[in-house]
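The next block holds one structure in the form of structure tokens; read it before the comments.
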There are 2 protein chains.
Amino acid sequence: MKPSLEDFKKELKMKNIQLSYQRLKVLEYLTQNQCHPTVDKIFTDLQKDIPTLSKTTIYNTLRILVEAGLVRVITIEDNETRYDIIVENHGHFKCESCGTIYDFSIDIDSLTSEDLNNFKINDKNIYFKGICPRCLSSINEIR
Amino acid sequence: MKPSLEDFKKELKMKNIQLSYQRLKVLEYLTQNQCHPTVDKIFTDLQKDIPTLSKTTIYNTLRILVEAGLVRVITIEDNETRYDIIVENHGHFKCESCGTIYDFSIDIDSLTSEDLNNFKINDKNIYFKGICPRCLSSINEIR
DNA sequence: AATAAAATTATAACGATAACAATATTAAAA
DNA sequence: TTTTAATATTGTTATCGTTATAATTTTATT
Ligand SMILES: [Mn+2]
Ligand SMILES: [Mn+2]
Ligand SMILES: [Zn+2]
Ligand SMILES: [Zn+2]
């Protein structure tokens with residue numbers, strides 16, 4: 001079950017985080033655009049609705065949402081930080097041709113290593129890279 | 001078996017990549033300091049030996065080594081790109097307390113997902129975060 | 001030795017993010 | 001409701017990692 005905007009509102013209230021108009025819009029955006037957007041993408045798109053919007057607000061809001069555990073950071077690429085409203089465990093695949101980031105299901109919880117027996121694990125991320133089916137087929141067409 | 005500096009030299013020769021003094025020093029440094037250093041760390045440390053060294057050279061060298069497949073990029077944190085001379089599959093754990101990055105063995109090759117059946121996978125990265133044993137014990141001491 | 005190619009260096013430019021202060025908005029108190 | 005305090009947003013500036021560019025040096029080729 002994917003979490004609704006209402007669930008997020010409740011969670012913020014529980015954690016005593018004020019839900020301003022801007023923060024609501026960011027949450028709305030993330031639930032509706034689950035393409036792992038960058039700060040710049042979020043800002044540019046939301047600015048159409050909120051002309052006075054500041055990019056600093058996007059940074060602040062995302063930091064707060066990440067700290068509250070409602071949003072997760074995706075660092076699959078070293079030059080672009082992305083954000084994901086889905087915090088449940090799943091993997092990420094980035095196509096090196098078209099740049100799209102795909103979700104994939106994988107049993108991260110059961111993923112572990114003998115070497116980490118005495119470590120306290122708080123967060124797990126799995127990043128794959130390669131070529132997506134769409135790009136693979138378009139390459140075949142050319143040949 | 002960990003690869004020796006000689007192996008790297010051979011591999012570079014095979015790929016027609018010139019081994020300059022600076023490139024050799026970077027390779028040497030990475031084999032001797034397997035702590036996943038940042039560009040700045042590599043530069044600062046090597047500058048002691050090579051006073052005329054330029055940071056641009058570190059960037060260029062690392063880009064070439066990554067392209068040649070001799071070095072892998074670690075993007076476990078969004079604000080610091082790190083480099084690893086060990087390209088064989090293994091996972092990375094970053095301690096959120098002391099910042100140390102630990103290697104751990106894990107069977108990445110057998111790690112896959114139904115969702116990626118038609119994808120061509122070129123690269124896999126596993127990043128964990130949490131608290132390392134050393135930091136865990138020092139926290140306990142205080143209590 | 002002369003020439004061409006490649007690598008290194010120094011410098012400037014760029015872009016993402018953070019710091020900061022001023023303004024606006026919301027919450028709490030009177 | 002008015003006043004006051006706290007918080008959020010905005011606009012601006014600063015910082016830092018990285019890349020682009022051109023000049024210089026080194027290496028390879030003839
Ligand atoms: Mn995702
Ligand atoms: Mn490693
Ligand atoms: Zn693609
Ligand atoms: Zn630690």
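Here is the naming used below: chain letters follow the sequence lines, and residue numbers restart at 1 for every chain. As the structure is a computational prediction, the values presented were derived from the model and not from experiment.
Within 4.0 Å of A:T38, counting heavy atoms only, lies no atom of the nucleic acid at all. Within the nucleic acid shown, A:Q18 comes within 4.0 Å of sugar-phosphate atoms alone, with no base atom in reach, counting heavy atoms only.
Note: A:F119 and B:Y102 have perpendicular aromatic rings, judged against thresholds of 30 and 60 degrees for the angle between ring planes. Between B:H90 and B:H36, the ring planes are tilted. Angles from 30° to 60° get that label.
Protein atom CG of A:L12 is 15 Å distant from nucleotide atom C1' of D:dT7, rounded to whole Å. Atom P of nucleotide C:dA10 and atom NZ of B:K55 are separated by 13 Å, given to the nearest angstrom. We find that CD of B:E77 is positioned 13 Å from P of C:dT17, with the value rounded to whole Å. For B:I64 and C:dA6, the CD1 to P distance is 12 Å, given to the nearest whole Å. For A:N16 and C:dT26, the CG to P distance is 18 Å, given to the nearest whole Å. Rounded to whole angstrom, the span from the CG atom of A:L53 across to the C1' atom of D:dA8 amounts to 12 Å. Distance CZ (B:F43) to P (D:dT18): 13 Å, rounded to an integer number of Å. In this structure, the NZ atom of B:K41 is 18 Å from the C1' atom of D:dG17, given to the nearest Å.
For D:dT10, one of the phosphate oxygens OP1 or OP2 lies less than 4.0 angstrom from a side-chain nitrogen or oxygen of A:Q22. In this model, the phosphate group of C:dT9 is approached by a side-chain N or O of B:T57 to a distance below 4.0 Å at OP1 or OP2. Side-chain N/O atoms of A:T81 include one lying less than 4.0 angstrom from OP1 or OP2 on C:dT17. In terms of phosphate contacts, B:S20 brings a side-chain nitrogen or oxygen within less than 4.0 Å of OP1 or OP2 of C:dT8. Residue B:R23 places at least one side-chain N or O closer than 4.0 Å to OP1 or OP2 of C:dT8.
A salt bridge links A:K55 with A:D40; the closest basic N to acidic carboxylate O contact falls under 4.0 Å.
Picking from C:dT26, C:dA18, D:dT10 the nucleotide with the shortest atom distance to the side chain of A:Y59 gives C:dA18.
Nearest-nucleotide mapping onto DNA chain C: of A:N60 and B:S54, the residue sitting toward the 5' end is B:S54.
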- Query: Could you go step by step and tell me if A:V73 and A:N125 meet the side chain to side chain contact (heavy atoms under 4.5 Å, CB included) rule?
  - Reply: CA-CA 10 Å; A:V73 180; A:N125 270 297; over 6 Å; no
- Message: With side chain to side chain contact (heavy atoms under 4.5 Å, CB included) as the criterion, how do A:D103 and A:H92 come out once you've worked through the C-alpha distance, each side chain's angles and the decisive distance to 0.1 Å?
- Response: CA-CA 5 Å; A:D103 290 326; A:H92 289 106; 3.1 Å; yes
